[in-house]
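Take a look at the structure below.
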Amino acid sequence: MRPITDTTSSSSATGGRSARETSLWHSQAHMPSVKRAERVIVRGRGAYVWDADGNELFDAPASLWYCNVGHGREEIADAVSRQLVQLESYHSFQQFTSAPALELSERLVDLAPMPGAKVFLTSGGSDAIDTAAKLARRYWDAAGRPEKQGFVTRESGYHGLHGVGTSIGGLAVNREGFGRLLSDTAQIPVNDAHALEALLAVEADTIAAFFCEPVIGAGGVIPPAPGFLESAREICRRHDVLFVSDEVITGFGRTGHMFASDRFGLAPDIVTFAKGVTSGYQPLGGLFVSERISAPFWDDDSDLIFRHGLTYSGHAAACAAAMANLDILEREDLVPRVRELEGVLVEKLAELERHPGVREVRAGVGLLAAIQLEDERRVNEVADRCYRSGILTRALPGGALQVSPPFITTEDELERIAAVVADALDAADGCA
Ligand code: PLP
């Protein structure tokens with residue numbers, strides 16, 4: 001077995017890459033390229049991580065959009081450890097549950113962006129999406145409208161990679177070669193409320209829900225056009241189509257509000273969340289379900305059962321991590337801090353728009369931004385140069401660099417991201 005710190009034949013230029021072939025099948029990876037070129041991250045503290053070669057890297061994407069409170073928080077580790085010793089977990093099927101799952105749910109409903117919410121816990125974001133889709137269909141079936149089964153999403157939207165998420169996602173490449181997926185799905189152009197209106201005007205009778213990331217994330221960080229989300233919400237309400245706000249990235253503060261649904265006044269029927277609920281210290285996701293959707297299942301005289309669940313739904317150690325994470329968010333005022341840093345991020349990255357290698361910078365909603373390169377084929381090379389200069393960033397589809405740092409980041413660090421990207425572009429052939 002190869003120890004994780006084995007850096008045989010790696011060099012600081014490649015940042016912890018190993019020459020030995022890995023056995024780990026990486027997600028969304030071209031394995032022939034990756035199998036001898038892994039980047040092994042071994043340590044984290046605050047907004048920084050270190051690779052196996054000891055290179056210090058500013059974590060501009062906060063890992064995969066999740067490390068909101070920063071790395072190395074011992075208080076979260078301690079909370080997890082205490083819970084594991086007390087009781088590793090207990091499932092939440094039928095009448096059973098664990099104290100942390102209960103305690104977290106009580107705390108979450110007070111944060112939910114709609115009144116009277118119920119909480120269904122999962123193990124991650126894709127679980128939450130599949131759960132939301134099943135719940136939407138089950139709701140309409142119980143309401144005597146079983147033909148309402150379809151799902152609408154936005155082009156470039158990303159909703160995870162389980163069965164439903166793969167079927168409804170707006171990145172066509174993620175559907176290729178998987179055969180028949182859910183067929184009753186439709187997509188509208190990214191910020192086109194007219195297209196949603198036109199679609200629902202004709203097909204609302206067969207559509208269960210519109211799934212919408214308030215800010216498209218993995219599809220390239222695309223903020224909503226002014227008024228789009230509010231219009232889409234109103235259109236769904238008028239046509240009786242459920243509005244599912246996918247807040248797996250935007251939830252728990254990333255937009256400068258606890259939820260983007262608060263920022264844009266969406267009052268969704270369902271909200272999906274994951275990542276920021278624990279800042280990634282444990283895998284956890286879930287849904288907020290509005291009173292309208294939960295009532296048929298919760299009313300005293302109801303015999304309906306939502307026959308769905310996951311062994312690790314609301315794992316006790318994950319719930320303990322979530323509570324410690326929420327303590328930090330609140331105690332350190334990190335959500336208001338994101339609001340303050342939003343303008344700084346816009347200002348610092350705006351300078352990059354003058355660079356000939358940059359087509360546009362997409363920012364303006366919290367600590368979420370993308371630097372769209374003019375030549376999208378260069379994005380990996382530019383990301384590589386940034387890495388060698390101590391800034392870890394990530395290539396997004398379409399040739400953009402992801403910037404979504406931990407909430408504890410400083411103004412100087414945001415300035416440094418812009419400077420390092422500019423230098424990397426200058427150094428990349430033909431960009432200067
Ligand atoms: N929804 C959105 C908006 C996401 O960004 C993601 C993951 O990045 C998911 C769903 C899926 O979450 P997970 O990867 O935890 O399954």
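Counting from 1, the numbers follow the sequence of the chain as shown. Remember, it's 1-based here, ligands and their atoms both numbered in the order they're listed. Values reported hereafter were calculated over all heavy atoms of this structure, with side chains retained and with hydrogens, waters and symmetry mates removed.
Phe252 and Phe259 have perpendicular rings, their planes meeting at more than 60° on a 0 to 90° scale where under 30° would count as parallel. Classification of the His308-Phe120 ring pair by plane angle, with boundaries at 30° and 60°, yields tilted. Relative orientation of the Phe243 and Phe210 rings is perpendicular, given thresholds of 30° and 60° on the angle between their planes. Ring geometry for Trp50 versus Tyr48: interplanar angle of 30 to 60°, hence tilted.
Protein heavy atom nearest atom 8 (O) of ligand 1, with residue, atom name and distance: Lys275 NZ, 3.0 Å. Nearest protein heavy-atom neighbour of atom 15 (O) of ligand 1: Gly125 N, 2.9 Å. The protein atom (non-hydrogen) at minimum distance from atom 14 (O) of ligand 1 is Ser126 OG, 4.2 Å. Nearest protein heavy-atom neighbour of atom 1 (N) of ligand 1: Asp246 OD2, 2.8 Å.
Within the listing of ligand 1, atoms 5 (O) sit less than 4.0 angstrom from a heavy atom of Ile249.
Contacts of Ala274 with ligand 1, taken as heavy-atom pairs under 4.0 Å, are absent altogether.
Taking the centre and axis of the six-membered ring of Tyr281, the NZ or CZ atom of Arg73 falls outside the cone set by 45° and 6.0 Å.
At a 3.5 angstrom cut-off on N or O pairs, Glu213 does not count as close to ligand 1.
Using 4.0 Å as the threshold, His162 has no heavy atom nearer than that to any atom of ligand 1.
In this comparison of Ser123, Ser245, Gly160, Pro283, the heavy atom closest to atom 9 (C) of ligand 1 sits on Gly160.
Using modelled atom types, one finds no donor on one side chain facing an acceptor on the other under 3.5 Å when comparing His159 with Glu213. If you check the side chains of His26 and Glu38, you find a donor sitting under 3.5 Å from an acceptor.
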